[in-house]
Amino acid sequence: MFRRLGLRATAAACCAAGMLATPALAGAAGPGAPGVGDEYFPHAGNGGYDVSHYDIRVRYQPETDHLRGTTTIVAEPTKELTTFNLDFALGVESVRVNGERAEFTRESGSEVTVNPAGTLAEGSLATFVVEYSGTPSKVEVDGENPWIRTDDGALAVGQPQVAEWWFPSSDHPSDKATFDISATVPNGTEVLANGMNTGRSELAGWTTWKWRMTEPSATYLAFMAVGQYEVNGKVGDSFVTAYGDDLGRFEGAAKASIERTPEVVDFLSGLVGEYPFHHQGGVVSDDTDMGFALETQTRPVYSPLFFQRGSNVSVVVHENAHQWFGDSIAVEEWSEIWINEGFATYAEWMWSEAQGTSTAQELFDHYYSAYPADHEIWQVTPGDPGVENLFHASVYDRGAMTLHALRNRIGDQALFDTVRTWVEQQRGGNAAVDEFIALAERTSGQQLDEFFDAWLFSKGKPAAGEVTGVPAQTAARTAAVAPEPKAVAELNRTHELLSQRHQH
């Protein structure tokens, strides 16, 4: 019987066996690991402690792209900890652990090892205060730099990693935390970030913007947008949007799309369950070099290019669906990316169906027939696409097809009961594809290994049949004769841009 869980358990057992082979005794004090062991990004995150909160305070000068900051990390050691790592790429000036100065060394481009004055007790309260400075746009790690410098500021927006360029962290989705973000910039400059704007004050030519996110978030979903923006919303508002001052021809369409966010959130809440956060909104940069959008928690950030052909509500649906799938329910490992992108893409299909543009079945029929059996989309498995295919069309389109095929297989009620239960049970945490499969089986009363094997974990185009949820009439269609559903053009343009996020 096929089961991804078994494969992961085997790998975990092998890893555990390797760890047991080391001289250190179980439970003995020792260093934290430099990564959480993610298969795709082995050095992302850090072992030995769990972070509960980040207090990020930065001063940023747009003219020079110089950033100076102090970040306080509140954490709990998960073992007797003699040293630990932070993920960070800028220059570190000092580190204090529980109020005492600590020595530190840079092991690699983004790995900083901290040696506290004494061992940190398992389960204790630990605070790490890091002072730092640098020019983010000039710092590369393994040839990568996701920091986006703009004409009037910067965008700290990226996936799968961006935190290293503006605050030290345990940079992996499995270590969620709450955030306070305070950014001081020259007067006349705006700063957008996650959650609620809790204050704005001016002193000696500088303005400090304060933002607070009280629901746990993955580090890559924390963001900062600095520049010239029209900000709609005052201190304390739950709905805040912002538009770059130089949007020009994109402005009307951007506003016509983003200002529908509350409507979109209401629609998605009715579909999958209560919105998981207290704040919402969106930010549209006027920088066309940013060619993607990202589901930054509570307030997605969009490229103006999404609106070059008019309003685009599909991308608003996609990024806000991520507030449930990807943000509230974050991946345990990056190989689980289907949980994010498959669900967000299927939400677009459901929106299209509700708007009377194209039904989900019409969209399924189109994409299934549009991709011939030898197309690469059938060679990339969305349930484990590989790091090089993290944002491949297979993860989006084949991922959405998987959910619709499951709907055909188990029925509307069983599918949406599964999704709503999933959202409720996993809210605020991390989840794996195996757990969704197990829940779908319990809810439907069906054994679904063959189904998920065909759609998520096997190369090749799933054949028609009851097992795969592909109707015979769908399989009999050909792309040459099948009419293209109305929603397809906007969906395709949206996904072409969405897939570019990994290039920054």
Side-chain angles (χ1 to χ4, degrees), residues 53-73 87-90 130 132-137 139 145-169 171 177-186 188-201 206-213 217-231 233 235 240-245 279 281-287 289-290 292-303 319 327 501 504:
H53 185 72
Y54 292 95
D55 181 72
I56 304 166
R57 299 168 183 263
V58 298
R59 177 180 288 251
Y60 180 70
Q61 175 53 264
E63 286 187 6
T64 60
D65 193 44
H66 186 266
L67 183 145
R68 175 174 292 279
T70 300
T71 290
T72 301
I73 301 171
D87 298 319
F88 195 53
L90 301 187
V130 185
Y132 52 94
S133 65
T135 305
S137 60
V139 178
N145 184 322
W147 181 268
I148 301 172
R149 188 178 182 186
T150 66
D151 290 340
D152 53 22
L155 294 162
V157 179
Q159 185 183 15
Q161 292 163 313
V162 72
E164 285 95 321
W165 280 263
W166 66 294
F167 68 95
S169 69
D171 193 14
T178 55
F179 284 79
D180 282 310
I181 298 171
S182 173
T184 300
V185 293
T189 304
E190 286 74 46
V191 178
L192 285 304
N194 312 81
M196 181 174 67
N197 183 201
T198 59
R200 209 176 304 170
S201 60
W206 294 79
T207 301
T208 298
W209 295 70
K210 295 182 178 181
W211 296 87
R212 165 165 281 194
M213 182 162 53
S217 171
T219 42
Y220 82 94
L221 295 171
F223 85 101
M224 181 176 66
V226 179
Q228 303 298 310
Y229 287 91
E230 172 196 326
V231 180
V235 172
V240 176
T241 58
Y243 303 92
D245 282 355
H279 302 91
V283 177
V284 183
S285 168
D286 54 24
D287 188 274
D289 288 339
M290 177 193 169
F292 62 99
L294 187 62
E295 60 271 17
T296 42
Q297 191 159 301
T298 70
R299 191 159 293 111
V301 179
Y302 304 87
S303 165
E319 300 307 328
D327 293 17
R501 69 182 67 179
H504 294 263

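Quantities reported herein were computed from a predicted structural model and do not represent experimental measurements.
Listed for the Trp165 side chain is a donor-acceptor partner under 3.5 Å among the backbone atoms of Val139. For the pair Arg200 (side chain) and Thr207 (backbone), a donor-acceptor distance under 3.5 Å is absent. Judged by distance alone, with hydrogens and angles left aside, the side-chain atoms of Ser285 form a donor-acceptor pair with the main-chain N or O of Asp287 at under 3.5 Å.
Summarising the geometry, atom CZ belonging to Arg68 is positioned 11.0 Å from atom CG belonging to Leu90; distances are rounded to the nearest 0.5 Å. The line from CG of Asp289 to OG of Ser303 is 9.0 Å long, rounded to the nearest 0.5 Å. Atoms CE and CG, on Met213 and Leu221 in that order, are 7.5 Å from each other to the nearest 0.5 Å. Atoms CZ and CG, on Arg299 and Asn197 in that order, are 8.5 Å from each other to the nearest 0.5 Å. Going from atom CG of Leu192 over to atom CE of Met224 covers 11.0 Å, rounded to the nearest 0.5 Å. One distance of note links OG of Ser137 with CZ of Arg149; it measures 5.0 Å at 0.5 Å rounding.
Contact of the Thr184 side chain with the Val58 side chain is not registered, since no non-hydrogen atoms from C-beta on lie closer than 4.5 Å. A 4.5 Å side-chain heavy-atom check between Gln61 and Trp206 finds at least one atom pair inside the cut-off. In this structure the side chain of Leu67 never reaches within 4.5 angstrom of the side chain of Arg59, judged on heavy atoms. Taking 4.5 Å as the limit, some side-chain heavy atom of Gln159 sits within range of a side-chain heavy atom of Glu295. Val185 has its side chain within reach of Trp209: a pair of non-hydrogen atoms, C-beta onward, lies under 4.5 Å apart. Residues Asp171 and Glu164 have side chains in contact (heavy-atom distance under 4.5 Å, counting atoms from C-beta outward). You'll find the side chain of Thr71 stays beyond 4.5 Å of the side chain of Asp55, heavy atoms only. Side-chain contact between His66 and Ser133 is present, with heavy atoms from C-beta onward closer than 4.5 Å.
The shortest heavy-atom contact between Trp147 and Ala154 is CZ2-CB, 3.3 Å. Here the closest non-hydrogen pair linking Pro62 and Pro186 is CD-CD, 3.6 Å. The minimum heavy-atom distance linking Phe179 with Phe167 is given by the pair CE2-CZ, 3.7 Å. Here the shortest heavy-atom pairing between Ala225 and Val283 reads CB-CG1, 4.4 Å. When all heavy atoms are compared, the tightest approach of Tyr132 to Pro168 is CE2-CD, 3.6 Å. Across Asp286 and Gln228, no two heavy atoms sit closer than the pair OD2-O, 4.3 Å.
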- Would you sort out whether Thr64 and Thr135 count as a side chain to side chain contact (heavy atoms under 4.5 Å, CB included), showing the intermediate values? CA-CA 8 Å; Thr64 60; Thr135 305; over 6 Å; no
- side chain to side chain contact (heavy atoms under 4.5 Å, CB included) evaluation trace for Trp166 with Ile181: CA-CA 11 Å; Trp166 66 294; Ile181 298 171; 3.9 Å; yes
- Item | side chain to side chain contact (heavy atoms under 4.5 Å, CB included) assessment of Val301 paired with Phe223 | CA-CA 9 Å; Val301 179; Phe223 85 101; 3.6 Å; yes
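A side-chain N or O of Asp152 and one of Thr150 form a donor-acceptor pair less than 3.5 Å apart. A donor-acceptor contact closer than 3.5 angstrom is absent between the side chains of Thr178 and Tyr54. Side-chain contact, Asp87 with Ser169: no donor N or O sits under 3.5 Å from an acceptor N or O. Of the N and O atoms on the side chains of His53 and Asp180, at least one donor lies less than 3.5 Å from an acceptor on the other residue.
His279 pairs in a side chain to side chain contact (heavy atoms under 4.5 Å, CB included) with only one of the listed residues (Thr298, Asn194, Val240), which is Thr298.
Aromatic ring centres of Tyr243 and Tyr229 lie farther apart than the 6.0 Å criterion allows.
Counting heavy-atom neighbours within 6.0 Å of Asp245 CG, excluding the residue itself, gives a total above 12. A 6.0 Å sphere centred on CZ of Arg212 holds no more than 12 heavy atoms belonging to other residues, nucleotides or ligands.
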